[in-house]
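Quick one: this structure, given as structure tokens, is what I'll be asking you about.
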Amino acid sequence: MKYDFKEIETKWQKKWDETSLYQAPDNADPNNKFYMLVMFAYPSGDIHMGHFRNYIIGDAIARQQMMLGKDVLHPFGWDAFGLPAERAAIQRDIHPADWTTKNIGISRSTLQKVGISFDWSREIASCFPDYYKWTQWMFIQLYKKGLAYRKRGFVNWCPEDKTVLANEQVKDGKCERCGTEVVKKDQNQWYFKITDYADRLVDDLDTLPDWPDNVKTMQREWIGRSYGAEINFSLENSDLKIPIYTTRPDTIFGVTFMAIAPEAEILDSLNLEGEYKAKVEDYKKKAMTRSDIERSAVTDDKDGVFTGKYAINPYNGEKVELWVADYVLAGYGTGVVMAVPAHDSRDFAFAKKYNIPIKVVIHPDKDTPLDVNKMTEAYTDYGVMVNSGQFDGLIGKIAIIQVTDFAEQEEFGCHKVNFKLKDWSISRQRYWGCPIPIVHCKKCGTVPVAEENLPVELPKVKDFKPKGRSPLADVPEYMNVKCPNCGGEAVRDSDTMDTFVCSSWYFLRYIDPKNDSVPFDKEKVAQYMPIDLYVGGITHATGHLIYFRFFQKFLKDLGWVKDDEPAKRLFNHGMVCDSNGEVMSKSKGNVVSPIGLMEERGVDVSRLAMFFTAPSDKEVLWSSDSVTGVEKFAINKLFPLNEKLRNSNPDLKYYFKREELSEFEYSLYIKLNQVIKQVSDSFDKLQFNTAISALMELVRDYDSDKIKNDSFNDYLILKTFQLSAPLVPHLAEEIWAFAGFEGSIFKSNWPICDESAIIKDSIVIGVQINGKLRDEIEIPIDCDQKRAEEVAFMSDKVKKYTDGKEILKIIFVKGRIFNIVVKG
RNA sequence: GCGAGAGUGGUGAAAUUGGUAUACACGCUAGAUUUAGGAUCUAGUGCCGCAAGGCGUGGGGGUUCAAGUCCCCCCUUUCGUACCA
């Protein structure tokens, strides 16, 4: 039989489709299910190497889980709203809806050619009303709970894309999508109050042992929880309280000035006078025009202006200068900081520049005092409190607690937890997104659209180009509605939602994709959730992967889902680069299309090449050399094994006994079981490269001429194909049918290791002398030290190094090593 | 700056988690076969050395009978983050 991959691959893809092989059952056994999720795709029309890698990893696992007898859910869909579609549509002068629909078709048929085991009956697209109806429903639930709110404030604005961006979409001060420098803009915006979930989002990371540590660390840092105190300073000659947040209340006796962010609201309450007022106004203007990049640059060159006002430190009654400085962040804490130059490097730089006093209140320890006059930088570590009145002598964390407790007693402060995480800005002034289901009524204010009137359909308009406000605002037939509350004249909210809202709950919709009365059926979701394995790129670590956890928690609070966390295990595959290590991109012209590769070499060989060339979590530098070795293996070694079948119909659940097989046969049986174990382990770790090398060894050791037992021969071959099936599904399925089986190989049972076969009765171990390998000996597995010594000392090589030398010690580790320590 | 990874042959990479370093491939070198081959097969392939032997997992220390693996200090590199008080 010739290996004609084109024929084989087309044949089986068709058959799989006809028999709905990958259709997940509607009634799954919650104790025996496997939800295999890959991140749904943006339908750009072409599938690149990164997608290919992502999907074959999920595919191999889904197929193995099928063979393990699980009810497997392996769905796919389209993250179809968003800027790229709009941009592409503008470039080509077609409507985003048409462009997207067309591309979904192209992308789907391409993926079907790759033979990924997706359950296409559950396909969803976030831009279709039957899906976004429920995205709007989610918005309304959040709104009802006070978790969706509108506020005016400074937002990230991309001048190129003419829309607001979430903090998560700003990288290095630039728009993640187009690279344009982001500016601040004062806008009325919708937010999701994700900060209400900040604690749970941090704490529950500890319940996810199968998430990569780097992602958990990134999320922890992004959420940025810190423990400290909020302390009220007071304005001199005024009742005004000026609250500050600090993580170092133990340094509070060292405050020599205070600094207020230029945008901080409290600045307006200070009633500045005369020249100070003008100077501060000037400074504010200047700060606002500086870009984020400039302002966030960490330098020692801090600047600010004095307000002419003074604040009183509640601990010691000291009067300190009140400054405005743009190194203070308006959006964190209270927007005001107490400045302790001796113990904070930023305050130190500022104090030096403006000749503000520096006062030491912490010593590294009792016996090593700090000398202010010799300090060239702030001492920021913990230490012993000094010059701090009744708190002198207190140390580190205890000091912090006691100082804060005092503030609570005296009622001018309290313990306080703060987060770097900000509420999620979700309004977008763009056309191609999910409309916000809110109506603005002059009488009633913001009113949500009634749930029975969802979806608020996105009108298909001709002019969808961005112009600084939502293009929908210029569509009167969309905008002008009756208020759902009072029936009076009202207008819709013209913005659309961030696409990350659409992708925050898609994994739930897959489970019940056609439901028209609720977003999903709770019972059905309970059968398949949580996601057992979620595979995707690392890029979403602090965006989508926080958002979808937030949604899951919110839906749990509403009683829609039962788990706190959506995904038990997360796996980030490595990137695919070209052979020079450059990320593949159209502009660089170094894109290798997986489609071309598969047309030339076949899907299965392409999959093998991608799997074999590097472990799944590592970056791959793709080169056509990656294909050579595995192609030879597949075509010349693995596939031709079918010719060695002897039609003996072996019982694949059987475990052979030693006496049934010849010595060679039994050695192969041992090897087979070792390989079963290794391949299974490799699958658990998603390290398919080692699974393939194990299979290569097994096939290498196979020798038909030396096998007399027909049943064993076929057993070995069929197990080999079963083990290969998740990696090379078409090839394996072909042989399975050729061998005479009726059903799919993916309905057969994944091989289970015969443990008794891999317990060897003798073993070769190394003999070391003073830690250096000198010889090997073969000894029985349960050999005691005495017997091992006898064998070891028979060796000439060992004698050579031990004769005439004093033996100090012998270390014998059963099954591992024999080490002799000699003197000299 | 801070945080988290990574560093093993000419190359992609293995290493049962402290126990024979370099499995499996690519490449290369010989040879065989072939009209030819981007084919196949056989042998070799960490470095130094004729050999015995020595040296070898970024560098330097350490723990141990034994270290790629554990500890300390550096170097390089990737990713994340960026004045979070």
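Naming convention: chains lettered A, B, ... in sequence-line order (proteins, then strands); numbering from 1 in each chain.
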Self-check item: Counterpart base for B/C24, defined by Watson-Crick or G-U wobble contacts under 3.5 Å
Solution: B/G12

Quiz item: Does the ring centre of A/Phe688 sit less than 6.0 Å away from the ring centre of A/Phe683?
Solution: yes

Quiz item: Hey, are A/Asp347 and A/Tyr327 close enough side-chain-wise for a donor-acceptor pair under 3.5 Å?
Solution: yes

Quiz item: Which part of the nucleic acid, if any, lies within contact of A/Arg225, taking any heavy atom under 4.0 Å across all strands shown: a base, the sugar-phosphate backbone alone, or nothing?
Solution: nothing

Quiz item: Between B/G38, B/A82, B/A13, which nucleotide gets closest to the side-chain atoms of A/Ala614?
Solution: B/A13

Quiz item: For the pair made of CZ in A/Arg816 and C1' in B/U16, what is the distance, rounded to whole Å?
Solution: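 Taking CZ of A/Arg816 and C1' of B/U16, I get 6 Å after rounding.
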
Quiz prompt | Pi-cation contact, A/Tyr801 with A/Arg774 (under 6.0 Å, within 45°) | solution = yes

Practice problem: Using the P atom as the reference point in each nucleotide, state the distance between B/G56 and B/G68 in Å, no decimals. | Solution: 10 Å

Exercise. Would you kindly compare A/Ile817 and A/Lys420 by the position of their nearest RNA chain B nucleotide and give the one closer to the 5′ end?
Key: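 Looking at the nearest nucleotide for each, A/Ile817 comes out on the 5' side.
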
Self-check item: Nucleotide forming a Watson-Crick or wobble pair with B/G31, both distances under 3.5 Å
Solution: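 Result: B/C41.
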
Quiz prompt | A/Val813 side-chain proximity, nearest of B/A15, B/A85, B/G19 | solution = B/G19

Quiz item: Out of B/U20, B/U81, B/G3, which nucleotide sits closest to the side chain of A/Gln768?
Solution: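 Of all the options, the side chain of A/Gln768 is nearest to B/U20.
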
Quiz item: Hey, does A/Asp213 reach any base, or is it just sugar-phosphate, or nothing, if we go heavy atoms under 4.0 Å?
Solution: nothing

Quiz item: Should the ring pair A/His540 and A/His544 be called parallel, tilted or perpendicular, given that the plane angle runs from 0 to 90° and is split at 30 and 60?
Solution: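 The arrangement is perpendicular - the two ring planes meet at more than 60°.
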
Quiz item: Rounding to a whole Å, what distance do you find between A/Glu631:CD and B/A39:P?
Solution: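 Value for this atom pair: 10 Å.
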
Quiz item: What integer number of Å spans the C1' atoms of B/G60 and B/G9?
Solution: 23 Å

Quiz item: B/U22 and B/A13: how far apart are their C1' atoms, nearest whole angstrom?
Solution: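 Taking atom C1' in both B/U22 and B/A13, they lie 9 Å apart.
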
Quiz item: Could you state the CE-P distance from A/Met610 to B/G12, rounded to the nearest angstrom?
Solution: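 Computing the A/Met610:CE to B/G12:P distance gives 16 Å.
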
Self-check item: Interatomic distance where NZ belongs to A/Lys352 and P belongs to B/C83 [whole Å]
Solution: 24 Å

Quiz item: What is the pairing partner of B/A4, taking Watson-Crick or G-U wobble pairs with both distances under 3.5 Å in any strand?
Solution: B/U78

Exercise. Find the distance A/Tyr332:OH to B/A82:C1' and express it as a whole number of Å.
Key: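 Rounded to the whole Å, the gap is 14 Å.
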
Exercise. Taking syn as within 90° of 0 and anti otherwise, name the glycosidic form of B/U17.
Key: syn

Quiz item: Applying a 3.5 Å limit to both distances, which nucleotide forms a Watson-Crick or G-U wobble pair with B/U57?
Solution: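 Partner of B/U57: none.
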
Quiz item: Between the side chains of A/Asn156 and A/Asn167, is a donor N or O closer than 3.5 angstrom to an acceptor N or O?
Solution: yes

Practice problem: Just call it for A/Lys800: base, sugar-phosphate, or nothing, with non-hydrogen atoms closer than 4.0 Å on any strand. | Solution: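 Sugar-phosphate contact only.
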
Quiz item: Considering only B/A21, B/A85, B/C55, which nucleotide approaches the side chain of A/Ser226 most closely?
Solution: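 From the listed options, B/A85 comes nearest.
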
Practice problem: Under 4.0 Å between any heavy atoms, over every strand shown, what does A/Asp172 touch: base, sugar-phosphate, or nothing? Just pick one. | Solution: nothing

Quiz item: Rounded to whole angstroms, how far apart are CD1 on A/Ile223 and C1' on B/G3?
Solution: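 To the nearest whole Å, that distance equals 15 Å.
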
Quiz item: Hey, is A/Glu221 close enough to A/Lys420 for a salt bridge, meaning N to O under 4.0 Å?
Solution: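 No, A/Glu221 and A/Lys420 are not salt-bridged.
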
Exercise. Could you tell me whether the side chain of A/Glu776 has a donor or acceptor atom within less than 3.5 Å of a complementary atom in the base of B/U20?
Key: yes

Exercise. For nucleotides B/A85 and B/U16, find the distance between their C1' atoms and express it as a whole number of Å.
Key: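 My reading of the C1' atoms in B/A85 and B/U16 gives 49 Å.
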
Exercise. State which of B/U81, B/A14, B/G19 makes the closest approach to the side chain of A/Ile811.
Key: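 Shortest atom-to-atom distance from the side chain points to B/G19.
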
Quiz prompt | Nucleotide nearest A/Glu221 (side chain, heavy atoms from C-beta), chosen from B/G80, B/A85, B/A66 | solution =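 Among B/G80, B/A85, B/A66, the one nearest the side chain of A/Glu221 is B/G80.
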
Quiz item: Which nucleotide, B/G80, B/A13, B/A15, lies nearest any side-chain atom of A/Met218?
Solution: B/G80

Practice problem: Take the protein atom CD1 of A/Ile820 and the nucleotide atom C1' of B/U20, then report the distance between them rounded to whole Å. | Solution: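 Between C1' of B/U20 and CD1 of A/Ile820: 14 Å.
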
Quiz item: Does A/Lys772 place a side-chain N or O at less than 4.0 Å from the phosphate oxygens OP1/OP2 of B/A66?
Solution: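 Looking at the OP1 and OP2 atoms of B/A66, neither is under 4.0 Å from any side-chain N or O of A/Lys772.
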
Quiz item: When all nucleic acid strands are considered with a 4.0 Å heavy-atom cut-off, which category describes A/Val821: base, sugar-phosphate, or nothing?
Solution: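 Sugar-phosphate only.
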
Quiz prompt | Rounded distance [0.5 Å steps], CG in A/Leu421 versus CD in A/Gln219 | solution = 10.0 Å

Quiz item: Does B/G9 fall in syn (glycosidic angle within 90° of 0) or anti?
Solution: syn

Quiz item: On RNA chain B, nearest-nucleotide positions of A/Glu600 versus A/Ile765: which is more 5'?
Solution: A/Ile765

Practice problem: Using a cut-off of strictly less than 4.0 Å, decide whether A/Asn636 has a side-chain nitrogen or oxygen near OP1 or OP2 of B/U40. | Solution: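 Yes.
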
Quiz prompt | No-hydrogen, no-angle side-chain donor-acceptor test under 3.5 Å, A/Glu778 and A/Ser762 | solution = yes

Self-check item: Interatomic distance at C1', B/U17 relative to B/U81, whole Å
Solution: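 Looking at atom C1' only, B/U17 and B/U81 are 32 Å apart.
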
Practice problem: Please report, rounded to the nearest Å, how far the C1' atom of B/U17 is from the CG atom of A/Asp684. | Solution: 16 Å

Practice problem: Name the closest nucleotide to the A/Lys171 side chain, picking from B/U81, B/G19, B/A85. | Solution: B/U81

Listing time: all N or O pairs from protein to nucleotides 24-28 of chain B that are below 3.5 Å?
residue, atom, partner, partner atom, Å
B/C24, OP1, A/Arg700, NH1, 2.4
B/C26, OP1, A/Lys632, NZ, 3.2

Self-check item: P spacing across the pair B/C79 / B/C28, given as an integer number of angstrom
Solution: 32 Å

Exercise. Compare the minimum distances between each of B/U20, B/C41, B/C55 and the side chain of A/Val764, then state the nucleotide with the smallest one.
Key: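 Closest nucleotide to the A/Val764 side chain: B/U20.
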
Quiz item: For atom P, what is the distance between B/C26 and B/U42, given to the nearest Å?
Solution: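 My reading of the P atoms in B/C26 and B/U42 gives 12 Å.
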
Exercise. Would you please say whether a donor-acceptor pair under 3.5 Å links the side chains of A/Ser226 and A/Thr247?
Key: no

Quiz item: Under the criterion ring-ring contact (aromatic ring centres under 6.0 Å, His included), which of A/Trp323, A/Phe348, A/Phe257 is the partner of A/Tyr354?
Solution: A/Trp323

Exercise. Check every strand shown and say whether A/Tyr801 touches a base, only sugar-phosphate, or nothing at a heavy-atom separation below 4.0 Å.
Key: sugar-phosphate

Quiz prompt | Pairwise P distance for B/G3 and B/C74, with rounding to whole Å | solution =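 Rounded to whole Å, the distance is 12 Å.
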
Exercise. Run the salt-bridge test on A/Asp701 and A/Lys706 with the 4.0 Å N-O cut-off and return the result as yes or no.
Key: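 No, no charged N to carboxylate O under 4.0 Å.
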
Practice problem: For A/Val328, answer base if it contacts any base atom (sugar-phosphate contacts may also be present), sugar-phosphate if it contacts only those atoms, and nothing otherwise; contact means non-hydrogen atoms under 4.0 Å. | Solution: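 Base contact - A/Val328 has a heavy atom under 4.0 Å of at least one base atom.
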
